[in-house]
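Let me begin by presenting the structure, written as structure tokens, before commenting on it.
Atom set for the values below is all heavy atoms of this structure, side chains included, hydrogens, waters and symmetry mates excluded.
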Amino acid sequence: MLTNLISVVDDDASVRKTTTLLIESFGFHVSGFESAALFLESRQLHETCCLIIDVQMPGMNGLQLQSYLAAAGYKIPVIFITAYDKEESRQQAMQGGAVAFLRKPFSDELLLQAIRAALGHDGSSTRTKTCN
């Protein structure tokens with residue numbers, strides 16, 4: 001089992017690639033998926049300690065993925081990324097338990113802070129699923 005596995009779900013290949021490379025530079029293991037369906041079908045679903053999701057995607061969107069995971073009993077901390085920062089989406093994400101809602105383009109430091117919060121490395125989060 002990989003430790004500190006962060007999964008990125010974004011239909012934009014360039015965003016997915018740059019985000020995964022950035023996360024690797026922070027010292028984490030990372031997997032990228034072009035859709036929610038591919039993530040849900042993967043083995044990484046059970047190994048993921050933090051999930052970074054684009055809000056708007058074809059098929060199941062990010063908010064639907066968050067709801068699906070919660071209903072299925074997964075307690076994976078979620079960070080949303082979006083180019084379309086709509087208050088309604090932000091509110092729904094945060095009410096659903098999202099750790100952060102970042103507008104693209106986001107800074108490296110902002111993403112790292114959100115990941116640390118999601119993994120509980122900043123002292124502000126006590127998650128049931130611990131990944132070291």
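At least one side-chain heavy atom of Cys49 sits less than 4.5 Å from a side-chain heavy atom of Leu119. At least one side-chain heavy atom of Asp85 sits under 4.5 Å from a side-chain heavy atom of Arg90. Between Gln56 and Lys86, the closest side-chain pair of non-hydrogen atoms falls below 4.5 Å. Between Asp108 and Leu22 there is a side-chain heavy-atom pair separated by less than 4.5 Å. Side chains of Leu40 and Met60 form a contact here, defined as non-hydrogen atoms less than 4.5 Å apart. When side chains are defined from C-beta on, Tyr84 does not count as touching Lys104, because their heavy atoms never get closer than 4.5 Å.
Across all their heavy atoms, Phe39 and Ser42 have their closest contact at O-OG, 2.7 Å. Across Val9 and Ala36, no two heavy atoms sit closer than the pair CG1-N, 3.7 Å. Taking each heavy atom of Pro58 and Asp11 in turn, the nearest pair found is CD-OD2, 3.4 Å.
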The test is side chain to side chain contact (heavy atoms under 4.5 Å, CB included); show your working for Ile53 and Val78 and say whether it passes. CA-CA 7 Å; Ile53 314 171; Val78 174; 3.6 Å; yes
Would you check, one step at a time, whether the test side chain to side chain contact (heavy atoms under 4.5 Å, CB included) holds for Leu45 with Tyr74? CA-CA 9 Å; Leu45 169 62; Tyr74 291 97; 3.4 Å; yes
Could you walk me through whether Phe101 and Thr82 pass the side chain to side chain contact (heavy atoms under 4.5 Å, CB included) check? CA-CA 8 Å; Phe101 194 94; Thr82 186; 3.5 Å; yes
Leu111/Ile23 under side chain to side chain contact (heavy atoms under 4.5 Å, CB included): CA gap, chis, key distance, verdict: CA-CA 9 Å; Leu111 180 60; Ile23 294 167; 4.1 Å; yes
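Rounding to the nearest 0.5 Å places CZ of Phe33 at 8.0 Å from CG of Leu38. Interatomic distance, CG of Leu110 versus CZ of Arg103, reported as 13.0 Å (0.5 Å rounding). In this structure, OG in Ser67 is found 6.0 Å from CD in Gln92, a value given to the nearest 0.5 Å. Distance CD/Gln91 to CD/Gln95: 4.5 Å, rounded to 0.5 Å. One distance of note links CG of Leu102 with CD of Gln113; it measures 10.0 Å at 0.5 Å rounding.
Remark: the backbone N or O of Leu51 is not paired with any side-chain donor or acceptor of Thr48 at under 3.5 angstrom. At distances below 3.5 Å, not a single donor-acceptor pair connects side-chain atoms of Gln44 with backbone N or O atoms of Ser7. In this structure, Arg16 contributes its side chain and Gly32 its backbone to no donor-acceptor pair below 3.5 Å. Distance alone, capped at 3.5 Å, is enough to place a donor-acceptor pair between the Gln64 side chain and the Asn61 backbone.
The neighbour count for Glu109 CD, taken as heavy atoms of other residues, nucleotides or ligands under 6.0 Å away, is above 12. Under a cut-off of 6.0 angstrom, the local environment of OH in Tyr68 is sparse, with at most 12 non-hydrogen atoms contributed by other residues, nucleotides or ligands.
Among the candidates Leu5, Ile6, Val99, the single residue satisfying the side-chain contact (heavy atoms from CB on, under 4.5 Å) test with Cys50 is Ile6. Residue Thr20 is tested with Val15, Ile52, Val8, Asp10 for a side-chain contact (heavy atoms from CB on, under 4.5 Å); the sole match is Val8.
Leu21 and Val30 are members of different hydrophobic clusters when ILVMFWY side chains are connected at heavy-atom separations under 4.5 Å.
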